[in-house]
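All values derive from a computational prediction rather than experimental measurement. Numbering of residues begins at 1 and proceeds along the displayed sequence.
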Amino acid sequence: MKKLLALICSLVLLAGGVSMFSACGNEDVIKVGVTNYEPMDYKDENGQWIGFDADLAKKAFNELGYDVTYVEIDWDLKVTSLESGEIDVIWNGMTITDELREKVALTDPYLTNQQVIVVKTENLSKFETTADLSNATSIVFEKGSAAETELEKLSLDESKLLGASKQLDAFFEVNAGSCEVAVVDKTMAQSLCGTGSYTGLSYKEIGFEPEYFAAGFRKSDSEMAERINTLLAKYAQDGTIDALKAKYGITL
């Protein structure tokens, strides 16, 4: 019976893009698409997903009567994962862009972010503005991220650019000396630079424009996005968002 139901669900989704929240499957569970992105979504010592976004998504969906399961995705394929039904929502420090607006039902923004550079501390003085990135020997960024979008605006030598599959990999590359500069989210840079394995790394703001995070649903689930908007507005007023920022060291 379960196999038959799964087949019916797949056919329904392929045929008409019907909302997965009301069409089929376990209607009480929301699959949240995440990546390993501290402090937004990451695993604790027990292997449980925690973080600003993980906690916020769980609180919101629980309040609406849903349980949450987290699905780690390839960030460059986030929209594909959403449209295929692998996940029901992208909630992982996702920057609002015009391209995403065309493909995804975005919530209202709930957090401000900015791209920064991460380098070995001794190289920090070499970069003051985005124009200085043209002097970098190599630059690493996460594919499909806001960093890639910002770097495309600078007309840099493409031979110097390296696209990583995960934002965390950008830290690995700089830490290992394989790349001179990483362009990453400030939220993640704040969390990792100067700690643990990354004590030799520092981050710096060099003039990238502020950006805004939102969660993203299938266009057919725009009603759910509006329900989440109502909760996000409440959380901004009742101190929930400020409490999570304090809990995870986010000072934006």
Side-chain angles (χ1 to χ4, degrees), residues 9-25 27 29-37 40-41 49 51-54 56-57 60-61 64 66 68-115 141-154 161 163-167 170 183-185 187-188 208-233:
C9 289
S10 299
L11 291 174
V12 168
L13 290 168
L14 290 172
V18 178
S19 168
M20 182 170 285
F21 292 108
S22 59
C24 56
E27 295 182 8
V29 177
I30 301 292
K31 295 177 290 185
V32 179
V34 299
T35 66
N36 186 359
Y37 170 7
M40 307 308 286
D41 293 293
W49 285 98
F52 180 98
D53 275 346
L56 187 60
F61 286 122
L64 293 176
Y66 295 94
V68 168
T69 184
Y70 302 98
V71 179
E72 191 166 6
I73 59 173
D74 183 327
W75 193 242
D76 198 29
L77 300 175
K78 55 187 176 292
V79 175
T80 300
S81 296
L82 184 66
E83 292 176 341
S84 70
E86 179 187 2
I87 58 174
D88 300 316
V89 58
I90 309 164
W91 203 325
N92 185 75
M94 182 171 65
T95 298
I96 297 172
T97 65
D98 290 339
E99 182 181 2
L100 276 173
R101 287 187 190 279
E102 293 178 1
K103 299 177 180 179
V104 176
L106 294 172
T107 66
D108 294 334
Y110 60 85
L111 194 68
T112 303
N113 186 47
Q114 186 179 29
Q115 296 303 305
F141 58 91
E142 182 183 36
K143 292 182 290 185
S145 70
E148 182 174 19
T149 301
E150 291 300 315
L151 288 170
E152 287 173 348
K153 299 175 183 177
L154 301 179
L161 302 178
S165 60
K166 299 179 181 179
Q167 193 166 196
V183 178
V184 299
D185 288 344
T187 46
M188 192 172 195
F208 290 112
E209 292 295 320
E211 56 198 46
Y212 304 93
F213 286 163
F217 296 83
R218 285 180 288 277
K219 289 286 189 178
S220 57
D221 289 322
S222 57
E223 182 179 344
M224 177 62 80
E226 288 304 316
R227 295 176 72 188
I228 293 297
N229 281 339
T230 299
L231 292 177
L232 290 175

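When atom types are taken as modelled, the side chain of E142 and the backbone of Q167 share a donor-acceptor pair closer than 3.5 angstrom. Here the side chain of R101 pairs no donor or acceptor atom with the backbone of I96 at under 3.5 angstrom. At least one donor-acceptor pair under 3.5 Å links the side chain of K78 to the backbone N or O of G144. At least one donor-acceptor pair closer than 3.5 Å links the side chain of K31 to the backbone N or O of G85.
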Notebook entry, point to check: M94 and W75: side-chain contact (heavy atoms from CB on, under 4.5 Å), yes or no, with the steps?
Noted result: CA-CA 10 Å; M94 182 171 65; W75 193 242; 3.7 Å; yes

Check: Can Q115 and T149 be said to form a side-chain contact (heavy atoms from CB on, under 4.5 Å), step by step?
Finding: CA-CA 10 Å; Q115 296 303 305; T149 301; over 6 Å; no

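The minimum heavy-atom distance linking G216 with L106 is given by the pair CA-CD2, 4.1 Å. When every heavy atom of A225 is checked against every heavy atom of A105, the shortest pair comes out as CB-O, 4.1 Å. Summarising the geometry of W91 relative to A215, their closest heavy-atom pair is CD2-CB, 3.7 Å, with the distance given to 0.1 Å. In terms of heavy-atom proximity, A170 sits nearest to A164 at N-CB, 4.4 Å.
By the 4.5 Å heavy-atom criterion applied to side chains, M224 and V89 are not counted as neighbours. Residues V104 and E83 have side chains not in contact (no heavy-atom distance under 4.5 Å, counting atoms from C-beta outward). Looking at V183 and F208, their side chains come closer than 4.5 Å, going by heavy atoms from C-beta outward. Within the 4.5 Å cutoff, no side-chain heavy atoms of V34 are placed close to those of I87. A heavy-atom distance below 4.5 Å is not found between the side chains of D88 and D221. With contacts defined as side-chain heavy-atom distances shorter than 4.5 Å, the pair L111/N113 does not qualify. Looking only at side-chain heavy atoms (C-beta outward), E150 and F141 stay at 4.5 Å or farther from each other.
Interatomic distance, CG of D74 versus OG1 of T35, reported as 9.5 Å (0.5 Å rounding). Going from atom CG of N92 over to atom CG of N36 covers 9.0 Å, rounded to the nearest 0.5 Å. Taking OG1 from T107 and CD1 from I228, the interatomic distance works out to 8.0 Å, rounded to the nearest 0.5 Å. Considering CD of Q114 and OG1 of T95, their distance stands at 11.0 Å, rounded to 0.5 Å. In this structure, CG on L231 lies 9.0 Å from CG on L56, to the nearest 0.5 angstrom. In this structure, D76 CG and K166 NZ are separated by 13.5 Å, a value rounded to the nearest 0.5 Å.
Heavy atoms of other residues, nucleotides or ligands lying less than 6.0 angstrom from CD of E152 number more than 12.
Note: Y110 and F52 have parallel aromatic rings, judged against thresholds of 30 and 60 degrees for the angle between ring planes. Aromatic ring orientation, F217 versus F61: perpendicular (interplanar angle above 60°, classes split at 30° and 60°).
A donor atom on one side chain and an acceptor atom on the other are found under 3.5 Å apart for Y37 and D185.
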